[in-house]
Each structure stands twice: as structure tokens, then as C-alpha cells.
Chemist: 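This structure is in C-alpha cells; I'll ask about it shortly.
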Amino acid sequence: GAAARPLGAGGAAGVSPPPAREALQGGPGAMLEGTLSSVSHHHIKPTGSSPERYFILYIQPTKIHKRKFDSVGVEIEPNFSETKKVNTGYLMSSLKVEAKGQTDKISVDELKSLINKPELLRISEKHTPDPSLAFWIPEREMENIELEIGDGLRLKTRGDSPFIFFTCQNGCRNCD
């Protein structure tokens, strides 16, 4: 597995503990691919809750898209590019590129403004290698995941937060 940094206590002296995870998860969230650059392990005590243990995966994003849902809450595949290839001609032997509408792709800065929460940055920022971003996953959800520094990962966030809803290595069958 990835070499985790030492277990860190969540709050520094004089710093209030972060609110419960659920309080930070509004919005549709993001889906991204990137490279694992580091891992740290933290024991935090959210306000009014029992202590929780988290791993923070530091990921250098390569592709980032907003997650989208239909009116009944079913996730819709994001629009990965502004164009699509369409078969044309005799026996569909030719391809032409057509407009597909605006892409759902967002920049690293847009992702940062979406997921970065001051309460969590106080804990993760000092450990975050540049140009990576910090994504949180409960310790119990990491039990069956084998990761190595440098692995390519795909993940979805829980709403507009740095908490991981789903993650897998690039190329795995269960990513979508």
C-alpha cells in the first residue's frame, strides 16, 4: 500500500474542530482522474460527534468534470468534450465531428473553489504537495483498497466537498 504519513490530530490548539461531514456536502460534486501523489492519516473529532479516522489522498488532477443528475437524482454521464464523432457515408465508413454542446469540464481552480472547505484545509493544507488537491475518505472505506504513490485514480466527490464518494484505479471496470 501507499506509505501513509503519521496519524495527525485533527485540530490545532485554538482551532475549532470541523463540522460533521454531512454539513459540507451540498451541490452535485465533481468527477476526476488524476495521479496519487501522497497519503496522510488523520484522527478528527467533528463538533458534537465521536472521533473519526480519515485518510487524505493527495491527487494531482488531469481530467475534471462536474457531476450531473436528472430530475429524479439519477447520475447522467458528463459531457466530456464539446464535440462528438458521428458515422456517415456509405456503410457508415466515414466520420465527421459534430458539436455536442458545452463541455462539463472544469479547471483545477474551479475544482478548488468547489471542494475546498476552510475547516478541512486547516488540517490538510500543510500536507498537500503542489499541485495536488486533498480528498478525504473514511478509514473503514480504505480497508479493501490497495494504492501506490503514482497510481492513476478516478474518483467522484460527495457533493461539492473533498469527501470521496467513489474511487478506483484508472482502467478498472467498475469506475462508471
Side-chain angles (χ1 to χ4, degrees), residues 1-12 15 18 21 24-25 27-46 51-68 75-85 103-176:
R5 294 196 181 149
L7 184 66
V15 175
R21 173 172 67 162
L24 301 172
Q25 296 180 162
M31 174 189 303
L32 63 122
E33 291 180 5
T35 304
L36 182 66
S37 56
S38 187
V39 177
S40 62
H41 194 196
H42 300 268
H43 186 181
I44 64 168
K45 183 163 180 1
E52 297 176 25
R53 291 177 185 261
Y54 286 92
F55 281 97
I56 302 178
L57 307 183
Y58 301 94
I59 297 172
Q60 185 174 340
T62 52
K63 292 181 184 170
I64 313 164
H65 295 88
K66 282 185 190 170
R67 292 178 73 191
K68 290 183 359 184
E75 189 163 5
I76 302 168
E77 179 80 8
N79 187 358
F80 289 104
S81 70
E82 294 177 6
T83 60
K84 63 182 176 182
K85 291 181 178 164
T103 178
D104 296 317
K105 193 172 191 177
I106 59 174
S107 70
V108 171
D109 287 337
E110 288 171 304
L111 179 63
K112 280 183 185 177
S113 67
L114 203 65
I115 66 160
N116 279 351
K117 309 296 181 206
E119 307 91 329
L120 300 175
L121 281 175
R122 284 197 300 261
I123 298 167
S124 65
E125 201 165 31
K126 63 183 167 277
H127 302 291
T128 308
D130 201 45
S132 299
L133 298 177
F135 294 91
W136 294 62
I137 187 166
E139 182 180 67
R140 68 188 173 281
E141 293 178 26
M142 278 289 289
E143 288 172 2
N144 300 319
I145 301 175
E146 280 284 323
L147 295 177
E148 297 288 338
I149 302 302
D151 280 353
L153 299 179
R154 183 180 294 174
L155 65 88
K156 295 178 181 182
T157 65
R158 288 189 185 277
D160 295 344
S161 81
F163 293 104
I164 295 172
F165 169 68
F166 177 81
T167 187
C168 72
Q169 292 176 309
N170 278 351
C172 71
R173 291 193 179 132
N174 302 327
C175 267
D176 301 316

Chemist: Are the side chains of Val108 and Pro131 in touch, meaning some heavy atoms are under 4.5 Å apart?
Modeler: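 Side-chain contact under 4.5 Å: no.
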
Chemist: In Å and rounded to the nearest 0.5 Å, what is the OH to CZ distance from Tyr54 to Arg140?
Modeler: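 Tyr54 OH to Arg140 CZ: 7.0 Å, rounded to 0.5 Å.
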
Chemist: Of all residues at least two apart in sequence or in a different chain, which pass the side-chain contact (heavy atoms from CB on, under 4.5 Å) check with Ser124?
Modeler: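 Testing Ser124 for side-chain contact (heavy atoms from CB on, under 4.5 Å), a comparison that skips the adjacent residues, returns Ile56, Tyr58, Leu121, Thr128, Ala134, Trp136.
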
Chemist: Are any side-chain N or O atoms of Asp160 and backbone N or O atoms of Gly29, one a donor and one an acceptor, separated by less than 3.5 Å?
Modeler: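 Judged by distance alone, yes, a pair lies under 3.5 Å.
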
Chemist: Can you name the nearest heavy-atom pair linking Pro162 to Lys117, along with the distance?
Modeler: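 It is CD-CG, 4.0 Å.
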
Chemist: Working to the nearest 0.5 angstrom, can you tell me the gap between Ile164 CD1 and Ile59 CD1?
Modeler: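 Separation between the atoms: 5.5 Å.
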
Chemist: Return yes if some donor-acceptor pair links the side-chain N/O of Thr157 with the main-chain N/O of Phe165 below 3.5 Å, else return no.
Modeler: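 No; zero donor-acceptor contacts below 3.5 Å.
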
Chemist: Would you give the length of the straight line joining atom CD of Glu33 to atom NE2 of His65, rounded to the nearest 0.5 angstrom?
Modeler: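 Between atom CD of Glu33 and atom NE2 of His65 there are 8.5 Å.
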
Chemist: CG of Leu57 to CZ of Phe55: how many Å apart, nearest 0.5 Å?
Modeler: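 Here the interatomic distance stands at 8.5 Å.
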
Chemist: Using 0.5 Å steps for rounding, measure from the CG atom of Leu147 to the CG atom of Leu36.
Modeler: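 Taking CG in Leu147 and CG in Leu36, the distance rounds to 5.5 Å.
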
Chemist: With sequence neighbours excluded, what pairs up with Glu75 under the side-chain contact (heavy atoms from CB on, under 4.5 Å) test?
Modeler: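 Per chain and number, Glu75 pairs via side-chain contact (heavy atoms from CB on, under 4.5 Å) with Met31, Arg67, Phe69, Lys156.
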
Chemist: In chain order, what residues pass the side-chain contact (heavy atoms from CB on, under 4.5 Å) check against Ile76, with sequence neighbours excluded?
Modeler: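 Ile76: side-chain contact (heavy atoms from CB on, under 4.5 Å) contacts with Lys68, Asp70.
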
Chemist: Tell me the closest heavy-atom pair linking Ile149 and Ser37, and the distance in Å.
Modeler: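 Minimum heavy-atom contact is CG2-O, 3.6 Å.
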
Chemist: Can you tell me how far the CD1 atom of Ile44 sits from the CD1 atom of Ile123, to the nearest 0.5 Å?
Modeler: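 Spacing of CD1 (Ile44) from CD1 (Ile123) equals 5.0 Å.
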
Chemist: Begin from the C-alpha positions of Thr167 and Phe135 and carry the test side-chain contact (heavy atoms from CB on, under 4.5 Å) through to its verdict.
Modeler: CA-CA 10 Å; Thr167 187; Phe135 294 91; over 6 Å; no

Chemist: Can you name the residues that form a side-chain contact (heavy atoms from CB on, under 4.5 Å) with Asp109, not counting sequence neighbours?
Modeler: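 Asp109 satisfies side-chain contact (heavy atoms from CB on, under 4.5 Å) with Ser107, Lys112 once adjacent residues are dropped.
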
Chemist: List the residues meeting side chain to side chain donor-acceptor pair (under 3.5 Å) with Asp151, not counting sequence neighbours, and say none if there are none.
Modeler: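 Asp151: side chain to side chain donor-acceptor pair (under 3.5 Å) contacts with Gln169.
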
Chemist: Quick one: are Ile137 and Leu155 in side-chain contact, heavy atoms under 4.5 Å?
Modeler: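 Contact flag for Ile137/Leu155 side chains = no.
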
Chemist: Taking the side chain as every heavy atom from C-beta outward, state whether Pro61 and Leu133 have any pair of such atoms under 4.5 Å apart.
Modeler: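 With C-beta onward as the side chain, the pair touches.
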
